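Heads up: the structure comes next, in structure tokens.
Source: prediction; values computed, not measured. Note: hydrogens, waters and symmetry copies are ignored here, and every other heavy atom, side chains too, is used.
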Amino acid sequence: MKKAATKLSKSIIRPVDFPENLVLIGMFGSGKSTVGRLLAQKLRYTFVDVDHLIEAKYKMPLQKVLDKLGMKKFMEMEDKTIQNLHYRHCVISPGGSAVYYPKAMKHLETLGPRVFLKVALDVLKKRLPDWSNRGVVCRGGNSLPALFKERAPLFKKYADVTVEAKGTSAEKIAKNVLEQLNKA
């Protein structure tokens, strides 16, 4: 009985006007999955990782799906997958390339606030020494600096809320997300 009470006390009671969903956007390696799972647990929401939905549909890792379809067809499929999301009480993590699809980003906006987990390039380089098998859409170049330079303004454009996601624990980042949302 005591364990249940302790576990329950760590959950957050959502205000009545709290968003129905949260959408985490950012570069791969920014912590969307880790922070997203923590937020979902705290809010008693479900965590939805779009990359995992694609992997489940194709029954193979994301990189193999990308290799099989090619970049153009993969991007079309990813765009449609995001546009077909219809969830309630979820923390949603689309792939980092979601910002390439204006219709998908507009749809995500209807689901809930888009929270940009902002991480500096040097931090990403440390977190991702080898990202060659992650299933990354490399539209604007095959290097991390080129992708970062191309995507950074898009994340900024689509973000409803921006949270620094470096130099602290995932737990503190999740707390910062909730604090920013309560201010909005």
*Cut-off 3.5 Å, side chains only: do Y100 and R151 have a donor facing an acceptor?*
yes

*State the CD1-CG distance between I25 and L117, to the nearest 0.5 angstrom.*
8.5 Å

_Would you compute the distance between atom OG of S169 and atom NZ of K175 and round it to the nearest 0.5 angstrom?_
10.0 Å

*asked:* Holding to salt bridge (Lys or Arg N to Asp or Glu O under 4.0 Å), I want the full list of residues that pass it with K106, two or more places apart in sequence or in another chain.
replied: E109

_I173 side, atom CD1; T34 side, atom OG1 - distance, nearest 0.5 Å_ = 9.0 Å

*Of all heavy-atom pairs between M105 and R114, which one has the smallest distance, and what is that distance?*
O-NH1, 3.2 Å

*Heavy atoms, side chains only, cut-off 4.5 Å: are V91 and V48 in contact?*
no

*Dump the intermediate steps for side chain to side chain contact (heavy atoms under 4.5 Å, CB included) on F28 and L124, then the final yes or no.*
CA-CA 8 Å; F28 54 95; L124 289 174; over 6 Å; no

*Would you indicate whether the side-chain heavy atoms of F47 and L22 approach each other to under 4.5 Å?*
no

*Close side-chain approach of L178 and K42, heavy atoms under 4.5 Å*: yes

*Between the side chains of S33 and D49, does any donor sit under 3.5 Å from an acceptor?*
yes

*Within-4.5 Å side-chain heavy-atom neighbours: I82 and L108*: yes

*asked:* Do K125 and P145 make a side-chain contact, defined as non-hydrogen atoms from C-beta onward lying under 4.5 Å apart?
replied: yes

_Side chains of V119 and M27, heavy atoms from C-beta outward: is any pair under 4.5 Å?_
no

*Carefully, step by step, assess L111 and I92 under the rule side chain to side chain contact (heavy atoms under 4.5 Å, CB included).*
CA-CA 9 Å; L111 297 177; I92 302 166; 3.9 Å; yes

_Geometric class of the H86/H107 ring pair [parallel <30°, tilted 30-60°, perpendicular >60°]_ = perpendicular

_For the backbone of K68 and the side chain of K73, can you confirm whether one donor and one acceptor N or O come within less than 3.5 Å of each other?_
no

*Is the backbone of L62 close enough, under 3.5 Å, to the side chain of E55 for a donor and an acceptor to pair up by distance?*
yes

*Hey, are the side chains of V50 and T81 touching, using non-hydrogen atoms and a 4.5 Å cut-off?*
yes

*Locate the shortest heavy-atom distance separating V23 from P94; write the atom from each residue and the value.*
CG1-CD, 4.0 Å

*Go through the side-chain N and O atoms of D67 and Q63 and say whether any donor and acceptor fall under 3.5 Å apart.*
yes

*S97 pairs by side-chain contact (heavy atoms from CB on, under 4.5 Å) with which of M71, M75, E78?*
E78

*Test log, rule side chain to side chain contact (heavy atoms under 4.5 Å, CB included), inputs K72 and E76*: CA-CA 6 Å; K72 184 176 183 205; E76 290 170 1; 3.6 Å; yes

*Rounded to the nearest 0.5 Å, what separation is found between the OH atom of Y87 and the OH atom of Y45?*
15.5 Å

*Do V115 and V35 come close enough that some side-chain heavy atom pair is under 4.5 Å?*
no

*asked:* Restricting to non-hydrogen atoms, name the atom on L181 and the atom on F18 that form the minimum distance, rounded to 0.1 Å.
replied: CD1-CZ, 4.1 Å

_Interatomic spacing from CG in N21 to CZ in R88 - rounded to 0.5 Å_ = 8.5 Å

*What about F116 and L38, same hydrophobic cluster or not, with Ile/Leu/Val/Met/Phe/Trp/Tyr joined at side-chain heavy-atom distances under 4.5 Å?*
no

*Could you give the distance from CE (M77) to NZ (K57), rounded to the nearest 0.5 Å?*
6.5 Å

_Quick test of your reading of the model: are K172 and E179 salt-bridged, counting only N-O distances below 4.0 Å?_
no

